[in-house]
Each structure stands twice: as C-alpha cells, then as structure tokens.
2 protein chains.
Amino acid sequence: MVDYSSMKDTAERLFALEPAGMAAEDDGWQKRKSAQTRLAILDAAIDCLAEFGYSRTTTQLIAQKANISRGAMIHHYATKQDLIDSVIDYTFYKRLEGLSERVRQLSEYQRVVEQAGIEEYWNMLLTPAYQAYLELAIAARTDEELRATFLPKARRFDQIWGAEIAGIFPEWSDKREKLQLATDFCIAAMEGLALNRTIWEQRSRRQAVRRVVSLAILMVRDDDLGDKVLAGL
Amino acid sequence: MVDYSSMKDTAERLFALEPAGMAAEDDGWQKRKSAQTRLAILDAAIDCLAEFGYSRTTTQLIAQKANISRGAMIHHYATKQDLIDSVIDYTFYKRLEGLSERVRQLSEYQRVVEQAGIEEYWNMLLTPAYQAYLELAIAARTDEELRATFLPKARRFDQIWGAEIAGIFPEWSDKREKLQLATDFCIAAMEGLALNRTIWEQRSRRQAVRRVVSLAILMVRDDDLGDKVLAGL
DNA sequence: GGAAAAAAACAGACAAGCCGGTATTTTTAG
DNA sequence: CTAAAAATACCGGCTTGTCTGTTTTTTTCC
C-alpha cells in the first residue's frame, strides 16, 4: 500500500514550491503572457547564475538572455532582490521536481539493489538549476540580506525534500531515522564531490568516492551502521 | 621508522606553498617591512573574502582592513588579479599548515583509534582560510581568468596534500591507495557537510553524518570496504 | 455592442555611486 | 641624494534604480 501523498502527481505535491505568479488555464491572455515572461526571466536568471556566477549576473544580462528589455523585466521584478528571491524558490522547485520524476521512472531493482537513485542525484548536481542554487547558497553566507530570505526557504525546502524522499524510496518506510541519516550523508558527500570534480581529474577517483557512498548507505539500511551511529547520539 | 620528509618541520616541507615575496632574516629593514605588509594584505584579503564574499571584496576594503592606503597596496600587488593569485596560494598554505600542525600534536591513540584527525579537518573547514578558499573555488567555476590560475594551483596542491597526509597518518603507510580513497571521501563528505551546516540546524544531525564518515573510513582501512571499491574499478 | 478609461506590459534614457586602474605627489630608508 | 614605499587625485566603465513614454489588453459605462 502506498500512502495517498505519493499518488498525486509531482506538480501537485510540490505545489508549495511552485514559482509565484504562475497562471491557471482559465486566466486571461495577459495573465498567461505575464506568467510566461516571468518563467522566461527565471530560467534566464538560472542560466546566467550557472554560466557567469553570482557577482557577474547583472539585471541587464538576465534581460538579454530572456530576450526582453530591461524595462520589461523591472516591470515584473521591481528590484534585483525581488528577482533573486523568486529564483531561490525556482531552483528548489526545479531540482526536486526533476530528481523526483527521474527516480520514479527507475525499476524497483535499479532503485533498491543498484542504488541508482544516487547516480540520479549526482546527475542533478550537474544541472544549471543546482549550479545556480550553489551560487546563491554561497552568496547567502556572506550577504546578510540574501541570507535573511535564503535560509528560511532552504530550511523549509529541507522539510519538503525529506517528505518527498520518503515517498520515492518506500523500501525505507520503516526506517525513517535511518533514511534521514542516509539522505543527509548522501547530500553532503555528493555535493562535496561536485565541489571537487574539476580538481580531481581522473574519473576513477570520483567514481571510487561514489562507490564508498553507495556501499555506506547500503550498510546504513541493511547492516548495523545506521544503528551504531544513531545509538551514539 | 619514519621517512625523512616527515622529519623536516612543517614550514620547510611546505616551502613550495609558501607565499611569494617573503623575507629572510638577514634581509634589510625595507625588505622585511615589505614582506610584512604583503602578509598583512594577504591576511586582510582572506578576512574580507570570508566576511564579505568574492563579489563584495574590493581592493579598497582589503586595504582598509590591512590598515594601509589603497596606493600602498597597489604598490605591492599591481592588479587585483595579482593579489588574488597570491591569495589562492596563501589559502592553500594556511589550510595545510594549520591542519598538519594540529594533527601532529595528536596522540597515536587519538589519531588511529579515535579518528581525531577527522574532527581536526572539520575544524579547519570553519577557519577564514577555508571560507576564503571556497569563495575563490566557486568563483573560479564561472570566471575563466580566475579558473586559469586556480585550477593548476589546486591540482598541484592536491598532490602536495596527498604527500603530506601520507606523512601525517603513518598507520596507512602500506595502504596508499586506500588512503587516497579515504582522503577523497573525507574531503567530499566534510566539505559538503560544511556547505549545509547552516541549513541543518540540529547539531545531532551534523554529528551523525560525521560518525558515518568516520566509521566508513575505518571500514576502508581495517575491513574490506576499501578492497571492494578499489577492486571494481 | 462599442467607445472611453484604466491597467498592465514593454522599451529606452538618465543619474548617482562604486570599482579598478593610472598618474602624480609625498615620505622614508639607505 | 635616490630609490623604494606610501598616499592622494583622478578617469573610464559598469550596475542599479528611477523616470518617462509607447503599445496592448482588460474593464467600465452608456
């Protein structure tokens, strides 16, 4: 038996994360056009962040990449801060939505035995959406104003993320604490690996680290590694 | 028997990493003053990077924090790029030098059984030197000019780092491949944990991840986890 | 139903502020 | 005295936010 929440489709479950200002089908032409432009701006912003980094992502550049005038962009997002705030939500949404869909398409064998979800997570870390997120996360460490909006969003996303992961990996359903541990561990190790991937040139080196992560997670789930760790807290 | 390289003192072994333009004791007053000023600038730059991030670290701010005029700074580092290049080296030097000294002060029991080196590595990740390094590493991903100088330095540092680690942890002396694997794994997991530490509020959560890392490394060294991973490449 | 009014979407120009680099002047050590 | 070190003044370029003007869509009112 699968619980109800995992039966709704991704878009509906993740409604809480969806970008603001999106239009419904029965809205007028103007509203839909507006929503479309806003999405184009958000996508352009993600591309710019991923390609040029936080410091060189200017409003002019975003407008240019979105194929609209800067004036038009200012109409939708009055200040750069307003835009960035929306981009933060959008990176969360895109990352989780993309990963969730891909993992749900895996067979049970791929997911449970081959741990293919870990490779999917790795692939997600290579998307512009994650690169953009990383830029914002790093900038938020030293920019008070940005941190003030980023941190609450990140923590809320962490909650939603946990619930979504639980729905995607039902084989952990009676080991919620271990799943949390495995998830945190996987996120940390994989994001750290992504940080160093251009420095560690040999593919085998990066692959070896992922194998350790994969085996360690198996041991958290099936052996006593998880119990050992959780008992000592 | 300890090999010769680990008997030299840290400063000498890490000479290859030492900041350029440093003075010897028999140099004249002016040269020593100059070296002192350069160090003050580098330290100020690290502090600025750690406190304000890459984008808001201006030459004016660095000079201000170093208590010198901007003109004086320009005299020592003609362009911002020159300064940043030196700061990259300096962050590598400070991180490795600090960590090496601390780990060498651990008892054999603390190091081999308690895996205290992992905690020392974690502490290193909280220093301004690492925060500054992270800013530069992230900026180098999207800034071609910066990447052109950063990547070679980072790869060279990776080599030196590996040799230094081998000297610090002699209990791995007959398992060089496993040590490399464990080091890479540790770096990835810990840096990823550092990335998420402000988002994961509960201390127990972060502690649990570190326990998994610690136990996994033990299993690479003493059990067959390392063999399993390395065999499959 | 249709014209007028309001609102929204879009475009371009302008100004203040900041940053990095250059040139010039002043100070200080040898 | 002279050469390095340090301080000051200045310039060009870029970025953000504001302002004005134009076009298009929606609403209102007769």
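Chain identifiers are assigned alphabetically (A, B, ...) following the order of the sequence lines, protein sequences preceding nucleic acid strands; residue numbering begins at 1 within each chain. Here the structure is a predicted model, which means the values were calculated and not measured.
Dashed line: the shortest gap from a side-chain N or O of A:Thr37 to OP1 or OP2 of C:dC10 is under 4.0 Å. Contact between the side-chain N/O atoms of A:His76 and the OP1/OP2 oxygens of C:dA8 is not found at any separation under 4.0 Å. Under 4.0 angstrom from either OP1 or OP2 of C:dC10 there lies no side-chain N or O belonging to A:His75. In this structure, A:Thr59 reaches the D:dT16 phosphate: one of its side-chain N or O atoms is under 4.0 Å from OP1 or OP2.
Side-chain contact of A:Arg141 with B:Thr198: a donor-acceptor pair under 3.5 Å is absent, judged by distance alone. A donor atom on one side chain and an acceptor atom on the other are not found under 3.5 Å apart for A:Glu119 and A:Asn123. Side-chain polar atoms of A:Thr59 and A:Arg70 form a donor-acceptor pair below 3.5 angstrom.
Comparing D:dA6, C:dG21, C:dC10 by their nearest atom to the side chain of B:Ser69 picks out D:dA6. Among C:dG21, C:dC10, D:dG17, the nucleotide with an atom closest to any side-chain atom of B:Lys80 is C:dG21.
The main-chain N or O of B:Arg102 is never found under 3.5 Å from a side-chain atom of B:Glu120 such that the two would form a donor-acceptor pair.
Between the CZ atom of A:Arg56 and the P atom of D:dT16 there is a distance of 13 Å, rounded to whole Å. Between B:Arg70 atom CZ and D:dA5 atom P there is a gap of 19 Å when expressed in whole angstrom units. Residue B:Leu61 contributes atom CG, which lies 12 Å from atom C1' of C:dC18 at whole-angstrom precision. Between the C1' atom of C:dA11 and the CD atom of A:Gln60 lies a distance of 13 Å, rounded to the nearest Å. Here the P atom of nucleotide D:dA4 and the CD1 atom of B:Ile74 are 18 Å apart, to the nearest Å. One interatomic measurement links the two molecules: OH of B:Tyr77 to P of C:dG20, which rounds to 16 Å at whole-angstrom precision. Rounded to an integer number of Å, the gap from B:Met73 CE to D:dT8 P is 15 Å. Residue A:Arg38 contributes atom CZ, which lies 12 Å from atom C1' of C:dA9 at whole-angstrom precision.
Within the 4.5 Å cutoff, the side chain of A:Lys94 has heavy atoms near those of the A:Asp43 side chain.
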